[in-house]
Number of protein chains: 2
Amino acid sequence: MLYAEFMSTSLPPLPPPEEPMGEPELLEIGLAEEEPCLRADAARNRARLLEAAGRLVAEHGAAGVTMEAVAAAASVGKGTVFRRFGDRTGLLTALLDHSARQLQADLIGGPPPLGPGAPSVERLRAFGAAVLRRSAEQLDLQLAAQPEPARKLDHPTVRVLTSHVTYLLRDLVPDADCELQAQALMGFLDPAVVHHLHKRCGMSLDRLESGWIDLVARVTGTGRPA
Amino acid sequence: MLYAEFMSTSLPPLPPPEEPMGEPELLEIGLAEEEPCLRADAARNRARLLEAAGRLVAEHGAAGVTMEAVAAAASVGKGTVFRRFGDRTGLLTALLDHSARQLQADLIGGPPPLGPGAPSVERLRAFGAAVLRRSAEQLDLQLAAQPEPARKLDHPTVRVLTSHVTYLLRDLVPDADCELQAQALMGFLDPAVVHHLHKRCGMSLDRLESGWIDLVARVTGTGRPA
DNA sequence: CATTTAAACGGACCTCGGTCCGGATGGATC
DNA sequence: GATCCATCCGGACCGAGGTCCGTTTAAATG
């Protein structure tokens, strides 16, 4: 099964989908689809809002990003913020969108070992390292952007990553229940876990990365890397 | 190292503690210590509030448990609810307290395979099954009771369970970084994950339980059970 | 241009979690 | 039983997220 095909059939709504689906070229499968065409003023305000939000994060941390504050900083009405981004989570997620797309692009078409070309085990190891690094960089934003627990795993961005892991696992341990094992692996990369281990318990990122490598080795039954 | 000793030294605040610590008998290590002695009226109100909250959960689900509603239902002032339980999370957690204590007691002193007496690998399998069952029963409450992501893993109740898993892993894979592997295992049992897989994706609890057994086998390097 | 309309705007308004503080009260002390 | 004070009580109050709706405006059409 082709990667793009797998990703597109494994992503859609909850009940596992059926339609075999046609073709690749659908790179940004799981990200907020570009609002097709925004009216000029809307686009301008959207840009203003993102810029204002970014500034607020830089100045006061994610906690300082109040919807009213953002609206004010962008000289825009509060309602506009909600219409454009839905809710606070949506706004914060939009702030992370660039790096999320970058990661996805690297997974799908970047150079090995993250992208295609390397053996699946190595891709899986590189995946964890990349996500760990990315989480560490933007931890407060990542944490603040999480929706309520009941929905966090429904979020397209997360599902794309989980699907990617599932895809790699299918290659490595075809007899296992890869969706479940993928979920277990992803759990380790959850921003909340990274925050707990790294910030609260003071573990180094290197240690977390080693933990990931080890975990991958155990789950896939491959030996530790040389 | 004795279990109680391990649990008590591995639990305290973030920076890994040192003091070797004295002795066992400290069963309820990680649960909200009983407020020593409550004034008569305070105790009465506390009971009323828990009863009212329980009723509201039963009637309208966890989402229907508003602090003001609980206060009203218990014929008590809103401030009283917060003084007693700190915040909404505290109230919901108190509602889960009984079952949490029960689980802890079973782990520490219950019959095998959950309690001591069985081989560690079997205890670990039983642990997952027990947590999975418990989560499934009280999913909405478990989800609603979660504090903000940045703190959820600091919660004593969670730390006790994680420590338990770490303890078992030390016996099974002494050379691994057991704290990290334990965290990975615990991730699979997170209510958010259970909710996603069971409710949203429609996987059966049996399937999740099998996934756990398999995960344990992989992480510990023991074969699948007979 | 004039017209039309879907889309965007903005801020009043609502709810809910959480805080504060002046007043009431349980219970220990004498 | 009178006194005293730590504790508790209650509800006014605040801030932040989220909704609503009457008004404005971009831009497509003729």
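No experiment lies behind these values; they were computed from the predicted model shown. Just so it is clear: chains get the letters A, B, ... in the order the sequence lines come, proteins before strands, and each one is counted from 1.
Under 3.5 Å, the side chains of Gln102(B) and Asp106(B) contain a donor-acceptor pair of N or O atoms.
Look at Arg84(A) and you'll find a side-chain N or O under 4.0 angstrom from OP1 or OP2 of dC9(C). Distances shorter than 4.0 Å separate some side-chain N or O of Asn45(B) from OP1 or OP2 on dC9(D). Contact annotation: Arg88(A) side-chain N/O to dG17(D) OP1/OP2 distance is under 4.0 Å. Between Thr80(B) and dC8(D), a side-chain N or O to OP1/OP2 separation shorter than 4.0 Å is absent.
The distance from atom CG of Asp41(B) to atom CZ of Arg48(B), rounded to the nearest 0.5 Å, is 10.0 Å. Note that CG of Leu103(A) and CG of Leu114(A) are 6.5 Å apart. Values are rounded to the nearest 0.5 Å.
Counting all heavy atoms, side chain and backbone alike, Gly115(B) lies closest to Arg123(B) at O-NE, 3.1 Å. When every heavy atom of Phe188(A) is checked against every heavy atom of Val194(A), the shortest pair comes out as O-CG2, 4.4 Å. Residues Ala71(A) and Val81(A) share a closest heavy-atom pair of CB-CG2, 3.6 Å. The two residues Ala145(A) and Thr93(A) have their closest heavy-atom pair at O-OG1, 4.0 Å.
Here dA16(D) presents its P atom at 15 Å from CD of Glu148(B), a figure rounded to the nearest Å. Phe85(B) places its CZ atom 18 Å from the C1' atom of dT19(C), with the value rounded to the nearest Å. Computed from coordinates, the Phe82(B) CZ to dC14(D) P distance equals 17 Å when rounded to whole Å. Whole-Å rounding puts the Arg48(A) CZ to dA8(C) P distance at 16 Å. Rounded to an integer number of Å, the gap from Asp87(B) CG to dC20(C) C1' is 17 Å. Remark: P of dT7(D) and CZ of Arg44(B) are 18 Å apart, rounded to the nearest angstrom.
Within residues 54-73 of chain A, the residues that have a heavy atom under 4.0 Å from DNA chain D are, in order of number, Val65(A), Thr66(A), Met67(A).
No donor-acceptor pair under 3.5 Å is formed between the side chain of Thr66(A) and the backbone N or O of Ala69(A).
For the pair Lys78(A) and Ala43(B), both in contact range of DNA chain D, the more 5′-proximal nearest nucleotide belongs to Ala43(B).
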Enumerate all atom pairs, one protein N or O and one N or O from nucleotides 23-27 of chain D, separated by less than 3.5 Å.
| unit_1 | atom_1 | unit_2 | atom_2 | d |
| --- | --- | --- | --- | --- |
| dT25(D) | O2 | Arg39(A) | NH1 | 3.3 |
| dA26(D) | O4' | Arg39(A) | NE | 3.3 |
| dA27(D) | OP1 | Ala40(A) | N | 3.0 |

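A search for side chain to side chain contact (heavy atoms under 4.5 Å, CB included) contacts involving Val158(B) returns Leu153(B), His155(B), Thr162(B), not counting sequence neighbours.
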